[in-house]
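The model shown is predicted, which means the values in this text are computed figures rather than measured ones. Every chain is numbered from 1 and lettered A, B, ... according to where its sequence line falls, protein lines coming before strand lines.
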Amino acid sequence: MRGRMLRLTMAVLTAALAVSLAVSLAACGDDGDGGGTSGEPIKIGAIVSLTGPYAGLGEPEKNTLEMEVKRINDAGGVGGRPIEVIIEDDATDDAKAVAAASKLIEQDEVVAIIGATGTGATMAVRGDVQRAGIPQVSMAGGTIIANPVDPLVFQTPWSNTIVVPFTLDFITSQGITKIGLISDTGGFGADGQAVITGAAPEAGIDIASEQTFNPGDTDMTTQLTKIKNSDAEAIVMWTAGSEAAIIAKNVKDLGIDLPLFGSHGIARREFIDGAGDAAEGVRFAAGKVLIPEAYGEDTEAFTVATDFIDRYTEAFGDAPSTFAGHAYDALYLIVEAAKRIDGDITSEALRDEIEATSGFVGIGGTFTFSAEDHNGMTVNDLIMYEISGGDWTQAQ
Amino acid sequence: MTPGPVDWPGGRAALRRRRRPWRNDQTTRRPGDGRGRGTHELDELLQFLIAGLKNGSIYALVALGFTIVFAATGAINFAQGEFFMLGGMLGVFFTELGLPLAVAALAAIAATAAIGAVFELLAVRPIADGDPLRIIMVTIGGAVVLRQLALHLFGPDERALAAFTQGSSLKLLGAAIERQTVWIWALTALAVVALALLYRRTTFGRAMRATSIRRDAARLVGVNASAMVTASFALAAALGAVGGLVVAPLTQTAFGVGAGMGVKGFAAAILGGLGNPVAAVGGGLILGLLESLTAGYVNPSYKDGVAVVVMLVVLFVRPQGLFGGSGRVKV
């Protein structure tokens, strides 16, 4: 009985091995040629969070990358060569992001990496990126990504160093001088907490209560009770995951009658859906893509943004979040740089050309990189939103 | 205070000085004032206790599932957290089909119970053949399969479920209780009472208990022991589903919530004592309170560590659990 069982197990294992081998061989044979292009594809790796707390961010990023790669290849690719973006899921897990990065670098031999979705994962893959010497364009908002500048690493979202002073200025303009701060202990939240505590004295704001929670926590009433019992006149929550909706609900359920400010990490539909009524009145600063009219209707930024919004909405049924925009910007920063290169598209040449980007009009704003600035955005790219009637409106 | 940048020539600092006296006047209106610091701290403690009992009740529901399967098989069912996830996700799925919330909730519980039974019949029974160690391994595999299935069927996004009763929170002294929390407490209490009645008063329950005490003897007196194991999986799945459903309006739900909840529920079951429903509930409530008080008075970052530390300490010092018997092992 035992022997038969063992033989059966071995047979199953062998079969599984054979299947996985066949699949990986088949994948190797697929060159992914696009229409209207020929020659070796330019391989770009992408590390996004398709599962875990950041799944709601990573999904639109993946959608955007796939949609735009098709568009670029249909239009002739880069100098006749197609683009191939190889997407890996890091499951919002730094360790899996590292595994994905080494796979992309060692096996796929990509010339650049887009990613990751989260700040923690972005920082985690830097070791591999440094060893390979390839450019990395992150879609995460943590300050540490581009400050201090790493020659190889670029960043498409507005970093906390831009968003935090803008948000704090808005808060003081409302006559508020004491805030309760709640942030997650993950990369983005911890970074935001550091930037806020650093910038608060300059903005004339006291932090009456400073609270943290772990990514994935489902109940923040304990922390919010402590903020409620402090002198805080407003609550600032700095987190990008699904926990933001829980905080908004907890605030409402605890009957805390204080204005709630979020980070640019909540600029997505799932926050409004998840928090329901509790999302009403929540304010946050982000780029203008949620209300492209804010650019001014005769600007190039407006044309670029509305064109992208229309195509994305047609393809996926929903308007894109700001995170879709970060993926768009990351991809086109690389592709436009590749187009400017004469001769071989090497990682070194690509890095130099990305750094030379000047006045690129993307979805998140207008990018101008330099050796000292790998974020490339300014406070002019931001507006303050207020959630009202289940939708984004421009805060007054 | 650090000096401001050059383009803000002390303007903000000056503004702040001007604002201060005005703000001080405002603070006299603060609701906490005039009641004394003591009341303030009592309110805070009360709110922490409410949060602890709320989360603890959910842990208790998951822990109950662990004890039921353990009683019937002598094994830990590591897919218990996934039943919790399925309850919430199926509840959202059925409401999105247009069913009223109550119907959708009952349908989700029934469907999860059916999945639990099918899982036992198709995976646990043929592969594990009653061996507890093999049952454990099958349930670990089953958990992965259920999670991935949910990911493919429902997508990666978090989903929201409407509150069972709309309206603002209830007030208890200086603390607030969400209406959904009352539902959590009520349903947990109901589940415990129903389970106790089932075990003590019905032939079916007595047969389940007989199987857990001595399988062969139960068989001799005509109990269908295999059917009892299937029933235990269905019952555990149903209880997990209740937990997943009732908490979804507060926390949202997603395909991946089961793993973390499985750990918490397991820790609660170990803490209370495996194989005893009342002990499991006690373990869940104590774990919830410990977590909440740690978050409130020590550091929220250590909250998740509490479950693991408690589990290890109990396993070392009192392996039968706080409320367990004298270490008698039921297999």
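- Counting heavy-atom pairs closer than 4.5 Å to chain B, the top residue among A/N250, A/D217, A/T185 is A/D217.
- Minimum interatomic distance between A/N214 and B/P300 (heavy atoms only, all atoms of both residues): ND2-O, 3.6 Å.
- Between chain B and the residues A/T222, A/I256, A/T51, the most heavy-atom pairs under 4.5 angstrom are made by A/T222.
- Residue pairs that meet the side-chain hydrogen bond (donor to acceptor under 3.5 Å, both in side chains) test with at least one member in residues 239-249 of chain A, sequence neighbours left out, are A/D184-A/T239.
- The two residues A/I246 and B/T251 come nearest to each other via the heavy atoms CD1-O, 3.5 Å.
- Applying the side-chain hydrogen bond (donor to acceptor under 3.5 Å, both in side chains) rule to pairs touching residues 161-175 of chain B yields B/T165-B/W183, sequence neighbours excluded.
- For the pair A/D253 and B/I177, the minimum side-chain heavy-atom distance is 4.5 Å or more.
- Checked for salt-bridge contact, A/R269 and B/E158 miss the test: no charged N lies under 4.0 Å from a carboxylate O.
- Counting all heavy atoms, side chain and backbone alike, B/K303 lies closest to A/D219 at NZ-O, 4.4 Å.
- Residues of residues 253-261 of chain B that come within less than 4.5 angstrom of chain A, heavy atom to heavy atom, are B/F255 in numerical order.
- Here the OG1 atom belonging to A/T218 is positioned 9.0 Å from the CD1 atom belonging to B/I58, to the nearest 0.5 angstrom.
- Atom OG1 of residue A/T225 and atom CD of residue B/E44 lie 7.0 Å apart, to the nearest 0.5 angstrom.
- What you find for A/G274 and B/A160 is that their closest heavy atoms are CA-CB, 4.1 Å.
- Heavy atoms closer than 4.5 Å to chain B are found in both the backbone and the side chain of A/L254.
- Applying the ring-ring contact (aromatic ring centres under 6.0 Å, His included) criterion to B/F48, with sequence neighbours excluded, gives B/Y297.
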Candidate pair A/D273 and B/R159, rule side chain to side chain contact (heavy atoms under 4.5 Å, CB included), full reasoning: CA-CA 8 Å; A/D273 293 344; B/R159 307 289 198 87; over 6 Å; no
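- Both the backbone and the side chain of B/L250 come within contact range of chain A, with heavy atoms under 4.5 Å apart.
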